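Order of the sequence lines fixes the chain letters, A, B, ..., with proteins taken first and strands second; residue numbering starts at 1 for each chain. The structure displayed is predicted, hence computed values, not measured ones.
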Number of protein chains: 2
Amino acid sequence: MTLTEDKLDATFAALADPTRRAILRRLAGGAASVSALAEPFAMSMPAVSKHLRVLQRAGLIVRGRKAQWRPCTLNAKPLKQAALWIDHYRKFWEESFDRLDAYLKDLQCKGKKHAK
Amino acid sequence: MTLTEDKLDATFAALADPTRRAILRRLAGGAASVSALAEPFAMSMPAVSKHLRVLQRAGLIVRGRKAQWRPCTLNAKPLKQAALWIDHYRKFWEESFDRLDAYLKDLQCKGKKHAK
DNA sequence: TGGTTACGTAACCGGTTGGTTTATTACATG
DNA sequence: CATGTAATAAACCAACCGGTTACGTAACCA
């Protein structure tokens, strides 16, 4: 398994949680401290800290240091790889009204008729 | 949390596994039976069957029925939503040589020493 | 010096995940 | 009907995840 593939694991896994996606959305508006990031969520700070660690290990955020604050900053570069991977399938979701879609419907139809 | 957001959970989680990504890649070449999908992997068929269930619950595959075979077909539509979500951050990874990048470097620098 | 603030670490807990082996269902064919 | 094949179901296991509470630490401030 290539290194890029390996990173995709971490990237997609990091994106698979609504709290972490919300944190990224917040960071798109600028750097923020941990407590500022934690504020909108009904969870303890250690929980948020864990989410940040996941994001950091996926390379999606960078953590600095300023006195007693650890400002987090968005780093979107891993998202580029994720976007490229997904984009290989673009033609499939743009084929909505084509042969493929008709075939899918046909398949499901046969499935139900047989499985009575 | 919106319904779309909820589906993103399942989509990204499904993509976070190399086996499942490989299955999708294989299905991009056309429908396939479970045993055909299992063949390249060093794991039992029930394990592949579980991966397929994850992909199905994420809506990424559709399963038909033809005699004792359950052909799987790619359904890329959930990927469209994932691509749209990621695309909100495109400007951030295209800003490689801009203010943001400089700020990141500055932040890390301040972490180690003091401002220059 | 001692207190407060911001954050991390450690230990723990219930639920989920990714895999196994074994058994079972569904179908086709001799 | 008996047998073989394709696939799922069930039971089990170790590892991981997302959350908690309790405690530790580093920097600021009075």
Side-chain angles (χ1 to χ4, degrees), chain A residues 1 5-6 9-24 27 31-58 60-73 107 110-116, chain B residues 1 5-6 8-24 27 31-58 60-73 107 110-115:
Chain A
M1 192 184 320
E5 280 287 305
D6 223 27
D9 284 15
T11 305
F12 283 131
L15 297 182
D17 184 284
T19 302
R20 289 194 290 263
R21 287 198 304 275
I23 288 175
L24 292 180
L27 288 178
S33 71
V34 177
S35 39
L37 289 172
E39 191 264 293
F41 303 108
M43 68 179 71
S44 64
M45 262 211 0
V48 174
S49 210
K50 282 190 182 186
H51 282 302
L52 292 177
R53 196 154 53 89
V54 173
L55 289 170
Q56 182 179 23
R57 300 211 325 172
L60 287 165
I61 64 171
V62 179
R63 320 180 81 165
R65 189 155 214 174
K66 198 169 193 178
Q68 62 267 61
W69 292 272
R70 319 288 155 92
C72 297
T73 314
L107 246 183
K110 277 185 183 163
K112 281 179 184 168
K113 221 168 71 177
H114 251 64
K116 59 180 178 186
Chain B
M1 189 184 322
E5 280 286 306
D6 221 28
L8 279 181
D9 285 15
T11 305
F12 283 131
L15 296 183
D17 184 285
T19 302
R20 290 194 289 264
R21 287 198 305 275
I23 288 174
L24 292 180
L27 288 178
S33 70
V34 178
S35 40
L37 289 173
E39 191 263 295
F41 303 108
M43 69 178 72
S44 65
M45 260 207 7
V48 174
S49 210
K50 283 190 179 184
H51 282 301
L52 291 177
R53 196 153 53 90
V54 173
L55 289 170
Q56 182 179 22
R57 301 211 324 173
L60 287 165
I61 63 171
V62 179
R63 321 181 78 167
R65 188 153 215 177
K66 198 170 193 177
Q68 62 267 62
W69 291 271
R70 319 287 158 90
C72 297
T73 315
L107 243 184
K110 275 186 185 165
K112 286 171 187 168
K113 293 181 175 183
H114 216 19

If you compare all heavy atoms of [X] against all heavy atoms of [Y], which two are closest, and at what distance to 0.1 Å?
X	Y	value
F41(B)	A22(B)	CZ-CB, 3.7 Å
V34(B)	R70(B)	CG2-O, 4.0 Å
P71(B)	K66(B)	CD-N, 4.0 Å

Whole-Å distance separating the [atom1] atom of [X] from the [atom2] atom of [N]:
X	N	atom1	atom2	answer
L37(B)	dT8(D)	CG	C1'	15 Å
D17(A)	dG19(D)	CG	C1'	11 Å
D9(A)	dG18(C)	CG	P	10 Å
E39(A)	dA6(C)	CD	C1'	15 Å
F12(B)	dT17(C)	CZ	C1'	20 Å

Give me the distances for all protein-to-nucleotides 25-30 of chain D N/O pairs that come in under 3.5 Å?
none

Under the 3.5 angstrom rule, does the side chain of R20(A) hit a backbone N or O of L15(A) as a donor-acceptor pair?
no
Any side-chain heavy-atom pair from T19(A) and V48(A) closer than 4.5 angstrom?
no
Under the side chain to side chain contact (heavy atoms under 4.5 Å, CB included) test against L55(B), which residue among L27(B), D17(B), T11(B), I23(B) passes?
I23(B)
Check the phosphate of dG18(D) against T19(A), side-chain N and O only, distance under 4.0 Å to OP1 or OP2. Yes or no?
no
Check DNA chain C against residues 40-55 of chain B and give the residues with a non-hydrogen atom under 4.0 Å, in numerical order.
M43(B), S44(B), P46(B), A47(B), K50(B), H51(B)
